[in-house]
Asks: 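First the structure, which I've put down as structure tokens, then a few questions once you've had a look.
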Amino acid sequence: MIILNFSHPLTSEHLAQIEKLTGRKINKVMDIESHINTSLPLHPQIVSIIDSIPLTPTEWQTEQLLINPPSLNYSAVVLTAELHGRMGYFPTILRLRPVPNATPTVFEVAEVLNLNEVRNTARSRSMHIGESTCKP
């Protein structure tokens, strides 16, 4: 599995947590600079960031990729849309959270979210809305 890290550095503890949660070995972590200029249009900046990642079109569609998205919400949303276009499906992402009462602040891996499964579940739910109330 390859982790595309668009956020803060991941520690060896984070990597161990990720391997435990996914049941997969991490082959590579690619740290990707994701700072953007808020006075310029966002989408071209995200395209440039993703274009800098040394993956071929085939690798985008076939490698097991795990995304640690940028913390900036609108960067994360545009990045997700751009990745979906390149991968052909929604990526799986990491969610980190602060450890309670830790001083200084320390983060742990909270969960691994398969966004494609989230999408498929939502589609299934939307197809059944109103069925029980519309029967004669």
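Note that the structure is predicted; figures quoted are calculated from it, not measured. When a residue number appears, it is its place in the shown sequence, counting from 1.
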Asks: Could you walk me through whether Val99 and Thr105 pass side chain to side chain contact (heavy atoms under 4.5 Å, CB included), step by step?
Replies: CA-CA 7 Å; Val99 174; Thr105 302; over 6 Å; no
Asks: Who are the salt bridge (charged side-chain N to carboxylate O under 4.0 Å, His left out) partners of Glu108, not counting sequence neighbours?
Replies: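 Counting only residues at least two positions away or on another chain, Glu108 forms a salt bridge (charged side-chain N to carboxylate O under 4.0 Å, His left out) with Arg97.
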Asks: What is the distance from atom CG of Leu115 to atom CG of Asn120, rounded to the nearest 0.5 Å?
Replies: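 Reported value, rounded in 0.5 Å steps: 11.0 Å.
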Asks: Under 3.5 Å, side-chain donor or acceptor atoms of residues 68-93 against the rest of the protein: list the pairs with distances, not counting sequence neighbours.
Replies:
{"unit_1": "Asn68", "atom_1": "ND2", "unit_2": "Asn5", "atom_2": "OD1", "d": "2.7"}
{"unit_1": "Ser71", "atom_1": "OG", "unit_2": "Ser7", "atom_2": "OG", "d": "3.4"}
{"unit_1": "Thr80", "atom_1": "OG1", "unit_2": "Ala76", "atom_2": "O", "d": "2.7"}
{"unit_1": "Glu82", "atom_1": "OE1", "unit_2": "His43", "atom_2": "NE2", "d": "2.9"}
{"unit_1": "Glu82", "atom_1": "OE2", "unit_2": "Arg86", "atom_2": "NE", "d": "3.0"}
{"unit_1": "Glu82", "atom_1": "OE2", "unit_2": "Arg86", "atom_2": "NH2", "d": "3.1"}
{"unit_1": "Arg86", "atom_1": "NH1", "unit_2": "Asp51", "atom_2": "OD1", "d": "3.0"}
{"unit_1": "Arg86", "atom_1": "NH2", "unit_2": "Asp51", "atom_2": "OD1", "d": "2.7"}

Asks: Applying side-chain contact (heavy atoms from CB on, under 4.5 Å), can you list everything that pairs with Thr56, at least two apart in sequence or on another chain?
Replies: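 Once residues adjacent in sequence are excluded, the partners of Thr56 under the side-chain contact (heavy atoms from CB on, under 4.5 Å) criterion are Thr58, Glu59.
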Asks: By side-chain contact (heavy atoms from CB on, under 4.5 Å), which residues pair with Glu33, not counting sequence neighbours?
Replies: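 Listed in chain order: His35.
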Asks: Using the rule that Ile, Leu, Val, Met, Phe, Trp and Tyr join whenever any side-chain heavy atoms are under 4.5 Å apart, tell me whether Val47 and Ile36 fall into a single cluster.
Replies: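 No, because Val47 and Ile36 fall into different hydrophobic clusters, even though each may have its own neighbours under 4.5 Å.
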Asks: Is Met30 close to Ile2 at the side-chain level, that is, under 4.5 Å between some pair of heavy atoms?
Replies: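 Side chain of Ile2 against side chain of Met30, heavy atoms only: contact under 4.5 Å found.
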Asks: Does Ile18 sit in a hydrophobic cluster with other residues, and if so which ones, taking ILVMFWY side chains as linked at heavy-atom separations under 4.5 Å, directly or through other members?
Replies: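 Its cluster partners, ordered by chain and number, are Met1, Ile3, Leu10, Leu15, Leu21, Ile26, Val29, Leu66, Leu94, Leu96, Phe107, Val109, Val112.
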Asks: Rounded to the nearest 0.5 Å, what separates atom CD1 in Ile53 from atom CD1 in Ile50?
Replies: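 That separation rounds to 6.0 Å.
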Asks: To the nearest 0.5 Å, tell me how far Arg123 CZ sits from Arg119 CZ.
Replies: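 The distance works out to 5.0 Å.
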Asks: Kindly write out the residues that satisfy side chain to side chain donor-acceptor pair (under 3.5 Å) with Ser39, not counting sequence neighbours, or none if the list is empty.
Replies: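 Ser39: side chain to side chain donor-acceptor pair (under 3.5 Å) contacts with Asn37.
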Asks: Checking side chain to side chain contact (heavy atoms under 4.5 Å, CB included) for the pair Arg24/Gln64: CA distance, chi angles, key distance, verdict?
Replies: CA-CA 9 Å; Arg24 303 211 180 269; Gln64 293 179 351; 3.1 Å; yes
Asks: So for atom CD, which belongs to Gln61, do other residues, nucleotides or ligands contribute more than 12 heavy atoms lying within a distance under 6.0 Å?
Replies: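 Yes - once you tally the heavy atoms of other residues, nucleotides and ligands closer than 6.0 Å, there are more than 12.
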Asks: Is it the case that more than 12 heavy atoms not belonging to Arg95 sit under 6.0 Å from its CZ atom?
Replies: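 Count over threshold, so yes.
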Asks: Within a strict 4.5 Å, meaning less than it, do heavy atoms of the Phe6 and Asp31 side chains meet?
Replies: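 No - every pair of side-chain heavy atoms lies 4.5 Å or more apart.
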